[in-house]
Amino acid sequence: MNQEHRILFTGTIGVGKSTAVSSLLGAPLVSEAVDGGGVPVAVDHGDVVLDNGDRLRLYGTPGQRRFEPTWRALADGAMGLVVLVDHARPAPLADLAIYLENFLDLIARTGCVIGVGRMHAGHEPGLDAFADVAARHGVVCPVVPVDVRDRAQVLSLVDLLLVQLESRGG
Amino acid sequence: MASAASRAVDRRFRLAGFSERDSLVVRSMVRLLAGRTRDRWSVVDADPVHLVIVPVGFTGELPPGAAAMNVALPLRADDLWSQLDRVSGQLALDEGMLRPGRADNGDVRPVAAGPGRRLQLLRWPPDALLGSDLRYLRLATMLGARPFAIDELAAKSNIPLATCHAFAAVLHANGVAQWLIDPDDPHGDADGNTGLFSRIRSKLGLEGPR
C-alpha cells in the first residue's frame, strides 16, 4: 500500500508558504480540509508522486496562531519542517520563536530549516540573530536567506532538510 | 561564544603572484580586518611564514610548510576574513592547540580531534564562518543533525578530508562545536529511510547525498 509523506512549510501569513511550494512544484496548490480542533480548516498543499507510488505532500500551514490545533494535526507524522520568516515584518525574531515553540516536537523528531525572506543587506537583525533564537530553543538547524519565488532557493531548503534526515539515518 | 581576540596568535603571511596594486589592496584589507580575525596577521616579505596568499590560478612555487590561500579578485572583505579564520583553524589543529572543554556535567573531557572522536555542533555557526560556501553549509547541516567523526563526515559529504578538518577546527575554535569521546556511535550503521530520501531527491531533481 502506498504511503503519504509530509513536509510542512510554516510561517506568518503572507510570508510565502504557498508561493514556495508552488515554486518548487511548478503547479498551483490544492486545498484540503484538516482538523482544526473540531473545526475543518482549509489547508493548501502540493503533491509529488514518487517512483514507488508513494506520495510526498508539501503543506503550507495556515499562518495565524489561532490555527495551532491545525499545526499540531499536520505535524503528527510529518517528516520535516521548513520555517519561513518574513524579515520585513516588525518583529521577525519573535515570529520565529512562535513557530519553533509550536513545532518543537516535530523538529526534535525530524529536522528543520529556517529560511529568512525579504532580507536586505545591512538590515538588522542578521542571520546570526535568528540562529540565536533557534539556539535558545535548543534547535541547531540551517538558517539561510531565501527568495521563495526562486525554485532553486526553495529546492535548496528541501535539500538541507534531507541532508539532516539522511544524517540522522531517517 | 568565546571571543576571538582572547586566543589570538601572531601569524606571518606574505603575498605571491599579485600585481603591485593588488598587493597593496590585499595588505590594506588584512590590516583593516585586524582585531576581527581569529589571529593577528602581519605581512612580511620573506619566509618563514605561516601563510602565502596567492590569486586564484596562481601556479608558482610555494614554500614548504606554509599554508596557501587562494583569493579571488576583486577582493571581498568577508571572504578574506572567513578564509583567514579557516586557515587559523587549520594551523591550530596542526599545532595541537585545541583546548579541553567541559561536558554538561562539568567533567573535563579531552577534546582534540582524533580517532574515535566525533564533533558535535552546539549551535548554528555565525554567518561569517560559513560565507557563501555551500560545502560549509552542508557540513554544518550534517553536524547539526548528529555528531560525526571527521573521516565519516568527509566520506558521507564527499568533501575533501582536509577541508572537513579545517572546518571542524574553525567551528571548535569559535566555540560552536565540541569534540565528544564516544566509542559507541548509535548512527554509524543506520540505514533509515534512505530509499525514501533517494526517491524524493530523484523526483525533485536534487543530487543524491554526497
Side-chain angles (χ1 to χ4, degrees), chain A residues 3-5 7 24-26 47-58 79-80 107 110-114 116 119 121 125-145 151-152 154-170, chain B residues 1 78 118 120-132 134-148 152-153 155-159 171 174-178 185-210:
Chain A
Q3 291 184 291
E4 180 189 303
H5 311 281
I7 292 176
L24 192 63
L25 304 182
D47 286 4
V48 178
V49 179
L50 305 178
D51 294 345
N52 64 347
D54 282 4
R55 191 174 293 269
L56 174 65
R57 191 158 275 189
L58 305 170
M79 64 181 288
I107 294 169
T110 60
C112 174
V113 177
I114 298 168
V116 184
M119 281 196 83
L127 287 178
D128 294 346
F130 291 95
D132 287 341
V133 172
R136 283 200 293 276
H137 287 80
V139 174
V140 182
C141 76
V143 182
V144 293
R151 181 179 189 268
V154 179
L155 202 53
S156 162
L157 297 180
V158 175
D159 181 33
L160 292 173
L161 182 62
L162 291 174
V163 168
Q164 286 175 76
L165 300 175
E166 287 156 349
S167 297
R168 288 178 179 166
Chain B
M1 188 184 305
D78 54 346
R118 294 182 293 130
Q120 178 184 41
L121 197 63
L122 300 171
R123 55 153 290 150
W124 187 248
D127 197 36
L129 294 185
L130 299 171
S132 55
L134 294 178
R135 295 173 308 165
Y136 298 130
L137 189 59
R138 180 168 289 267
L139 291 175
T141 302
M142 293 175 70
L143 289 166
R146 69 166 170 97
F148 273 91
E152 186 193 10
L153 186 69
K156 287 200 183 294
S157 64
N158 200 24
I159 291 171
L171 292 179
N174 282 275
V176 296
Q178 68 178 3
D185 180 359
H187 304 91
D189 299 321
D191 284 334
N193 281 319
T194 50
L196 170 62
F197 303 143
S198 298
R199 280 190 286 274
I200 292 173
R201 285 186 175 284
S202 166
K203 203 67 185 181
L204 293 178
L206 281 166
E207 286 183 44
R210 281 159 270 187

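In what follows, chains are A, B, ... by sequence order, proteins preceding strands, each numbered from 1. Just so it is clear, the model here is predicted, and its values are computed rather than measured.
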Side chain, backbone, both or neither of [X] within contact of chain B (heavy atoms, under 4.5 Å):
X: L160(A); answer: both
X: V163(A); answer: both
X: L127(A); answer: side chain
X: V144(A); answer: side chain

Nearest-0.5 Å distance, [atom1] of residue [X] to [atom2] of residue [Y]:
X: L24(A); Y: L204(B); atom1: CG; atom2: CG; value: 5.5 Å
X: M79(A); Y: F197(B); atom1: CE; atom2: CZ; value: 5.0 Å
X: S198(B); Y: E166(A); atom1: OG; atom2: CD; value: 7.0 Å
X: K203(B); Y: L25(A); atom1: NZ; atom2: CG; value: 11.5 Å
X: L206(B); Y: S156(A); atom1: CG; atom2: OG; value: 8.5 Å

Would I200(B) and L50(A) count as a side chain to side chain contact (heavy atoms under 4.5 Å, CB included) if you check the C-alpha gap in whole Å, the side-chain angles of each, and the deciding distance to 0.1 Å?
-> CA-CA 7 Å; I200(B) 292 173; L50(A) 305 178; 4.0 Å; yes
When you look at H5(A) and L196(B), which way does the side chain to side chain contact (heavy atoms under 4.5 Å, CB included) test go after all the steps?
-> CA-CA 9 Å; H5(A) 311 281; L196(B) 170 62; 3.5 Å; yes
Provide the closest heavy-atom pair for [X] versus [Y] in the form atom of the first, atom of the second, distance.
X: M142(B); Y: S167(A); value: CG-OG, 3.5 Å
X: P142(A); Y: T141(B); value: CG-OG1, 3.3 Å
X: D51(A); Y: S202(B); value: OD2-OG, 3.8 Å
X: W124(B); Y: A131(A); value: CB-CB, 4.0 Å

Is it the backbone or the side chain of L122(B) that comes under 4.5 Å from a heavy atom of chain A, or both, or neither?
->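 Contact with chain A: backbone only.
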Ranking V143(A), V48(A), L56(A) by heavy-atom pairs under 4.5 Å to chain B gives rank one to V143(A)
Chain B interface, residue from D128(A), D54(A), V49(A) that has the most non-hydrogen pairs under 4.5 Å = D128(A)
Any side-chain heavy atom of D132(A) within less than 4.5 Å of one from R123(B)?
->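 In short, these two side chains touch, coming nearer than 4.5 Å.
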Please check if the side chain of R199(B) supplies one atom and the backbone of N52(A) the other of a donor-acceptor pair under 3.5 Å.
-> no
List in chain and number order the residues that pass side-chain contact (heavy atoms from CB on, under 4.5 Å) with A129(A), two or more places apart in sequence or in another chain; answer none if no residue qualifies.
-> L93(A), P125(A)
